[in-house]
Amino acid sequence: MSTREHLATAVSRAVADVAARDGLDLSVEPGSVHLERPARREHGDWSTNIALVTAKQAGTNPRALASALVDQLNAQPPAHTVSIEIAGPGFINFRLDDGWLHDALEELLTEGEDAFARPDVGHSERVQIEFISANPTGPIHVGNGWWGSYGDALARVMARAGYQVSREYYVNDTGGQIRTLGESLLARHHGQVVPEGGYHGDYVAELALAYDGPDEVTAAGRWAADRILDLIRNSLASVGITFDEWYSQASIEESGAVDETIALLDAKGLVFEQDGATWFRATELGDSRDRVLRKSDGDATYLAGDLAYHRDKFLVRGFDRVIDVFGADHHGQVASLMAGIEALGVDPGRLEVKLGQMVSLVDGDETVKMGKRAGNAISLDSLVADIGPDATRILSLMTSLDQASTFDLAAVREQSVENPVFYVQMASARIGGVGRKALERGVVRAPLSEVDLSLLTHERELDLIRCLEELPEVVADAAIDRAPTKVTAWVRRLATCFHGFYHDCPILAEDVDPALTQARLWLVEATRIGLAIGLGLLGVTAPEAM
RNA sequence: GCCCUCGUAGCUCAGCGGAUAGAGCAUCGGCCUCCGGAGCCGUGUGCGCAGGUUCGAGUCCUGCCGAGGGCACCA
């Protein structure tokens, strides 16, 4: 059991005892009570706000309540307690001896890369994360890769935090864009000019050369879309983004699910005909206007397909929760989608829509906008060729999804210090270097049970352990908040702590006590494990040499 | 006009309702007989504005100002 859990148990017991003894109502709202590491070290190693949260309802003041709780805690102090103090408005601060850190390190090493930092906050909830879902009408651009990194890392984080995660790409392989793609392909194939509004890219010309199918627009469009989808798949795989499911919109339409979905809405009196089109009375459910489901030409709209698709996610495939990652330019869809699933009997709280803000890349003086319709949007492939897959991933996971941001490629490329991937990977390389040097000098790591970790008393060592000890909570928070950037921040903190340790604490030098060398080698191993887990969640490699 | 998202340091960005708001870059200045100096240490500035909720607000609510995006029988 971790120190955190020990403390939490002790606090709960003290609260129960005081509540019973004094007849106080000390019940709390879930999530309102925190047991956390104070921001300032002089406030101790751990702190809780429980007295602040419960004093009012108990009809007492926070400091008096804290005092009663501290007395109760002191009667049976948790392991490693040096002192328990009341501070500020009524925080209860725990000061512990360094042994709690040595315990934490041993626990990490015992659990290892696979078992450490697997907080079960998901309780096996089945979650589908849909992301990217770019139309297969052209190569994937940087914006898709950017938000794709978010979706992929979120999937990794949530999977580690105990969710059953399925990653899905919704393939829009039907409708007007595919017809347009087919027209463009056939035009090129016959050496004609690509029609107005068609796709002009070189990839269309290349595909046209290879095309040997029928002279029919939809068939040609589907054929081209399949080929382009392969390109997209490869581009995404190059930055470590993979999917469990590539779900075809055409398959939904052909299955009759769209008609069924419209019929379901109709049965609830939410459908009407006007101007030859079929409409969804979305305003009944909070949307700003009613929406067309079936156009007067008989085709289903994107919304109709999307509602059928989400009905499939929730009611056919039975996901407990669905997370859709869209670009901010699609936020206009959200209200209709929410209204639609609610009309279909799905609690809208089960659908989370994450909107990625626009991200701009600047290359020196040149601005490269990543918007979909910008003609100068650079492809994901060219960015990866430029700065590499690891830098692409970590840069895209440095900023939160809902923060519009700008990155300077020239800075990333020319001044490597601007690029955090070097800083973090150097820690990894140094760890590899320690291993190689140890081998060279014939130093072998002794079994953990024979090593005295309590020799680690240098402030740099303790800071490093403190950082490592946080990882399970970082993973939990990142999963709960749907914020993989928290893992990025942690990995950078860990690298900072490791570089500091490495700088001040020689591991293999001649004048280091062999027992201390052993303890430090295990601390290095713990750091390797932490980095491997953290970088793994981000989809960034942890090289042993650079 | 209506809707959504966002305004944090000179720049690029972090920040779970908690105690004195953090990093990197940039500025200036230290540290290489030492396991990778792509490193380490020091140096000072800030929550758009105004109210509200709260023991406590950068964080939640309202209004205003500013930026981006959206308001199709396109996807």
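These values consider heavy atoms only, across backbone and side chains, with no hydrogens, waters or symmetry-generated copies. Here the structure is a predicted model, which means the values were calculated and not measured.
For the pair A:Arg445 and A:Trp522, the cation-pi test (distance below 6.0 Å, angle within 45°) is passed.
B:rG15 sits 12 Å from B:rC6 when the P atoms are compared, rounded to a whole Å.
Stacking of A:Tyr423 onto the six-membered ring of B:rA38 is not present when judged by under 5.5 angstrom between centres and under 30° between planes. Ring stacking holds between A:His43 and B:rA19, with the centres under 5.5 Å apart and the planes within 30 degrees of each other.
Nucleic acid contact for A:Arg460: sugar-phosphate only, since backbone atoms but no base atoms lie under 4.0 Å from a heavy atom of the residue. Nucleic acid contact for A:Cys497: none, since no nucleic acid atom lies under 4.0 Å from a heavy atom of the residue. Within the nucleic acid shown, A:Gln425 has no heavy atom closer than 4.0 Å to any nucleic acid atom. Residue contacts for A:Ala438: at a heavy-atom cut-off of 4.0 Å it reaches no nucleic acid atom on any strand shown. Using a 4.0 Å heavy-atom distance criterion, A:Arg436 is classed as a base contact. The residue A:Asp306 sits apart from the nucleic acid: no heavy atom pair falls under 4.0 Å. Among the atoms of the strands shown, only primed sugar atoms or phosphate atoms (P, OP1, OP2) are found under 4.0 Å from some heavy atom of A:Arg441. Using a 4.0 Å heavy-atom distance criterion, A:Ala277 is classed as a base contact. Contacts of A:His499 with the nucleic acid, taken as non-hydrogen atoms under 4.0 Å apart, involve only primed sugar atoms and P, OP1 or OP2. At the heavy-atom level, A:Val334 lies nowhere under 4.0 Å from the strands shown. Across all strands, A:Glu273 comes closer than 4.0 Å to no nucleic acid atom at all (heavy-atom distances). Among the heavy atoms of the strands, none lies under 4.0 Å from A:Pro62. Within the nucleic acid shown, A:Ala335 has no heavy atom closer than 4.0 Å to any nucleic acid atom.
Between the base of B:rA19 and the side chain of A:Asn93 there is a donor-acceptor pair shorter than 3.5 Å. With hydrogens and angles ignored, no donor-acceptor pair closer than 3.5 Å exists between the side chain of A:Thr496 and the base of B:rA23. A donor-acceptor contact under 3.5 Å is not formed by the side chain of A:Ser288 with the base of B:rC71. Under 3.5 Å, the side chain of A:His331 and the base of B:rG70 form no donor-acceptor pair of N or O atoms.
Nearest-nucleotide assignment on RNA chain B puts the 5′-proximal partner with A:Ser400, out of A:Ser400 and A:Gln333.
Base orientation for B:rC32: syn, the chi torsion being within 90° of 0.
Partners of A:Glu473 according to the salt bridge (charged side-chain N to carboxylate O under 4.0 Å, His left out) rule, which considers only residues two or more places apart in sequence or in another chain, are A:Arg4, A:Arg37.
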Base-pair string, RNA chain B, Watson-Crick plus G-U, cut-off 3.5 Å on both distances, | for inter-strand, is (((((((..((((....[...))))..((((.......)))).....(((((..]....))))))))))))....
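Residue A:Tyr170 is tested with A:Phe326, A:Tyr309, A:Phe131, A:Tyr247 for a ring-ring contact (aromatic ring centres under 6.0 Å, His included); the sole match is A:Tyr309.
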